[in-house]
Undergrad: 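The structure is given below, and queries will be raised subsequently.
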Protein chains: 2
Amino acid sequence: MHEDILGPESRDFVTALASGLEVIRAFDSEHPRMTLSEVATRTGMNRAKARRFLLTLHSLGYVRKQHRYFELAPRVLHLGYAFLSANNYRGVIQQYLEDITNEIGESSSLGVLDGEDVIYVARSAAKHRLMAITLSVGTRLPAAHTSLGRILLAQLDNEELESYLSKVDLTRYTDKTITDIDELRNQIIVARQQGYAVADQELDPGLRSLAVPAYDAKHHLIGAINVSTNAARVDMDTLLGVYLPIMQKKAAQIRLNVN
Amino acid sequence: MHEDILGPESRDFVTALASGLEVIRAFDSEHPRMTLSEVATRTGMNRAKARRFLLTLHSLGYVRKQHRYFELAPRVLHLGYAFLSANNYRGVIQQYLEDITNEIGESSSLGVLDGEDVIYVARSAAKHRLMAITLSVGTRLPAAHTSLGRILLAQLDNEELESYLSKVDLTRYTDKTITDIDELRNQIIVARQQGYAVADQELDPGLRSLAVPAYDAKHHLIGAINVSTNAARVDMDTLLGVYLPIMQKKAAQIRLNVN
DNA sequence: TAATAATGTTCGTTATGCGAACAAGGGGCG
DNA sequence: CGCCCCTTGTTCGCATAACGAACATTATTA
């Protein structure tokens, strides 16, 4: 059940906290270092306001300042790490992911839904690189075009799924990207029925992946686990005929052993 | 040069942001889920205050609420990820760490100093588990008792090093843990002289590691890279005679190739 | 059933955070 | 070299966002 959520107009909403977090998120791979004015522009804030947040984050150790330039400090990892360390099943799941990588020789990850994205929360990387970008814990990708995201969307009830479909903006990444909302709905329903999802070169040419949901012993959804491979190396028969049973077996082990 | 740092008494310091971040950090592996009152107690805040921050974080998607219990949501990974994605050299260094793991068969990591700790910012894990805890990006360990931390401390100038030594509180983890401040200073000076550091079973029985500093082509210190192994499997002669040259070669490659 | 403890919430008050305006620095051009 | 303009840094009067004491509600225990 969805708890009532505070609106920004509520007297209980702390706008300074919200703005401060927005300053942190303004930094990314395209904007690793910024001046005060650049931060103000990217966040839509008054320059004096952005300055106060940057100086506060700097004094707390989350931001480094060099002359006029600001960049995030490693200490911000502590904020995300708080989530990882609070999740005691991650270490356990990590072992299963490493088993998959050892057995199949491909990368395997645990992902969870967050809004319209899937976030990687545990990962076992194979030796070879699959994608142009480096995937790591914390990476977020659109749920619609990943096997992890698609099988997680399949676990939603109908109302939640329709809510998602009514909001999602489908972007084309490759020739194979699904951009029709009805086709996406159908793929998710099929995933729901067959208990697994496949994403085939929708996000990155050559990237082919398969995911199954991961439940714990109390029937709580932990997330989904996947195996990622390259279409040139693994055909669909192998993916479904060899990899799928392995993934299903791992998911069954997780369901039996993870509390 | 250390930039002047804002004090919490300054009118430019945003106390609401500082308090909100403290609420996030209150969650850890011992306190994965807490009630409002528990958060208030752990942070020393008035309950109504803690409530406002929790509800704000909840509305922003950083915290989940179940009845009276709060827990961090995966979205907080986005805050730490902002640092990782802003660091464009990480993908490059990752490759070198994986080379080390492939060549030596042991785990290798990149770490940076943050206060009295060393934070892992990139990691290549070997197949076998070395420590009781799962190390991952974001993990922080005391700099004094790790090879990464020790070689990073060795890169500080004398004033910075003495400042660190005057504040650090040395905790004993094993029988081999250095707890004498003068002995630690000496170890760091030796590391400075020989260009590498070793930590031998100070943090965890059996854990033996070696680290060298990693500079980029512009002579900026990126961090330190290490190799971690088990004392039962690798003796000191092998560590220094075989592993050290490999690490030094990798550091030299990083210095030549990383901008 | 009543008392007590724990937790949830409100709203008068004030100190925090906002932003317009001023100050300072840097670069370009005549 | 001096002036102008643009960019960046900083201040402080003021309004309201956030604080916390006190009230409200719920859960537990005797």
Side-chain angles (χ1 to χ4, degrees), chain A residues 1-27 31-73, chain B residues 1-27 31-73:
Chain A
M1 170 67 78
H2 212 341
E3 305 281 354
D4 286 325
I5 292 187
L6 206 68
E9 75 294 335
S10 167
R11 292 183 69 190
D12 293 328
F13 189 84
V14 184
T15 50
L17 172 60
S19 297
L21 296 173
E22 199 178 336
V23 165
I24 294 178
R25 288 196 321 271
F27 292 87
H31 309 87
R33 287 160 53 95
M34 287 186 282
T35 63
L36 178 135
S37 296
E38 283 169 337
V39 170
T41 301
R42 272 182 63 72
T43 55
M45 288 175 198
N46 170 279
R47 281 191 311 102
K49 176 176 177 176
R51 170 178 181 269
R52 286 192 296 277
F53 286 118
L54 284 168
L55 293 184
T56 302
L57 289 167
H58 178 242
S59 75
L60 296 171
Y62 293 108
V63 148
R64 275 197 289 245
K65 181 170 186 273
Q66 286 169 322
H67 305 297
R68 291 171 166 185
Y69 284 92
F70 295 87
E71 63 187 8
L72 290 179
Chain B
M1 172 66 79
H2 212 336
E3 307 281 354
D4 287 326
I5 293 188
L6 207 67
E9 75 294 337
S10 167
R11 292 184 67 191
D12 293 327
F13 189 84
V14 184
T15 49
L17 172 60
S19 299
L21 295 172
E22 199 179 338
V23 166
I24 294 177
R25 288 195 320 270
F27 292 88
H31 307 87
R33 292 158 48 94
M34 287 187 280
T35 62
L36 179 137
S37 296
E38 283 170 337
V39 171
T41 301
R42 271 183 63 72
T43 55
M45 289 175 195
N46 171 279
R47 282 190 312 101
K49 177 175 178 175
R51 171 178 180 270
R52 287 192 296 276
F53 287 116
L54 284 169
L55 292 184
T56 302
L57 288 167
H58 179 243
S59 75
L60 297 171
Y62 293 107
V63 147
R64 274 197 290 247
K65 183 169 186 273
Q66 286 170 321
H67 305 300
R68 292 174 169 179
Y69 283 91
F70 296 87
E71 63 188 7
L72 290 178

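Proteins come first, then strands; the chains are lettered A, B, ... in the order of their sequence lines, and each starts at number 1.
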Undergrad: So, does Ser19(B) use its side chain to make a donor-acceptor pair with the main chain of Ala16(B) at under 3.5 Å?
TA: no

Undergrad: To the nearest Å, give me how far apart NZ (Lys49(A)) and P (dC12(D)) are.
TA: 22 Å

Undergrad: Looking only at side-chain N and O atoms, does Thr15(B) come under 4.0 Å of OP1 or OP2 in dT16(C)?
TA: no

Undergrad: Between Arg11(A) and Leu36(A), which residue's closest nucleotide on DNA chain D lies nearer the 5′ terminus?
TA: Leu36(A)

Undergrad: With the side chain counted from C-beta on, respond yes when Leu21(B) and Leu21(A) share a heavy-atom pair under 4.5 Å apart, and no when they do not.
TA: yes

Undergrad: Which part of the nucleic acid, if any, lies within contact of Ala16(B), taking any heavy atom under 4.0 Å across all strands shown: a base, the sugar-phosphate backbone alone, or nothing?
TA: sugar-phosphate

Undergrad: Are any non-hydrogen side-chain atoms of Lys49(B) and Thr43(B) less than 4.5 angstrom apart?
TA: no

Undergrad: So do Thr35(B) and Tyr69(B) actually touch side chain to side chain, heavy atoms under 4.5 Å?
TA: yes

Undergrad: Round to a whole Å and report the spacing from CE of Met45(A) to C1' of dT8(D).
TA: 18 Å

Undergrad: Which of these nucleotides, dA20(C), dT9(C), dT7(C), is closest to any side-chain atom of Thr35(B)?
TA: dT7(C)

Undergrad: How many Å lie between CZ on Arg51(B) and P on dC19(D), as a whole number?
TA: 13 Å

Undergrad: In whole angstrom, what separates Asn46(B)'s CG from dT9(C)'s P?
TA: 14 Å

Undergrad: Reckon Ser37(A) has a side-chain N or O less than 4.0 Å from the OP1 or OP2 of dT8(D)?
TA: yes

Undergrad: Using a 4.0 Å heavy-atom cut-off, does Tyr69(B) contact any base of the nucleic acid, only the sugar-phosphate backbone, or nothing at all?
TA: nothing

Undergrad: I want to verify a distance call: between dC18(C), dT11(D), dA18(D), whose nearest atom is closest to the Phe53(A) side chain?
TA: dC18(C)

Undergrad: When you compare the side chain of Pro32(A) with that of Glu71(A), does any pair of heavy atoms fall below 4.5 Å?
TA: no

Undergrad: If you look at every heavy atom in Arg52(A) and Arg11(B), which pair is closest and at what distance?
TA: CD-O, 4.3 Å

Undergrad: If you assign each of Leu55(B) and Phe13(B) to its closest nucleotide in DNA chain C, which residue comes earlier from the 5' end?
TA: Leu55(B)

Undergrad: Give a yes or no on whether a donor-acceptor pair under 3.5 Å exists between the nucleobase atoms of dG20(D), that is its base, and the side chain of Arg52(B).
TA: yes

Undergrad: Between Asp12(A) and Glu38(A), which residue's closest nucleotide on DNA chain D lies nearer the 5′ terminus?
TA: Glu38(A)

Undergrad: For the pair Arg42(A) and Met34(A), evaluate side chain to side chain contact (heavy atoms under 4.5 Å, CB included) and give the outcome as yes or no after the intermediate values.
TA: CA-CA 10 Å; Arg42(A) 272 182 63 72; Met34(A) 287 186 282; 3.4 Å; yes

Undergrad: Rounded to whole angstrom units, what separation is found between the CG atom of Leu57(A) and the P atom of dG17(C)?
TA: 13 Å

Undergrad: Give, ordered by number, those residues of residues 18-25 of chain B having at least one heavy-atom distance below 4.0 Å to an atom of DNA chain D; if nothing qualifies, reply none.
TA: none

Undergrad: Between atom CD1 of Ile24(B) and atom CG of Leu54(B), what is the distance when rounded to the nearest 0.5 Å?
TA: 10.0 Å

Undergrad: From CG of Leu17(A) over to P of dC19(D), roughly how many Å is that when rounded to an integer?
TA: 10 Å

Undergrad: Produce a footprint string for nucleotides 23-28 of chain D: one letter per nucleotide, 5' end first; B if the base is under 4.0 Å from any protein heavy atom, S if only the sugar-phosphate is, - if neither.
TA: ----S-

Undergrad: If we only count heavy atoms from C-beta on, is the Arg68(A) to Leu36(A) side-chain gap below 4.5 Å?
TA: no

Undergrad: Hey, mind stepping through Phe27(B) and Val39(B) against side chain to side chain contact (heavy atoms under 4.5 Å, CB included) and telling me if it holds?
TA: CA-CA 8 Å; Phe27(B) 292 88; Val39(B) 171; 4.2 Å; yes

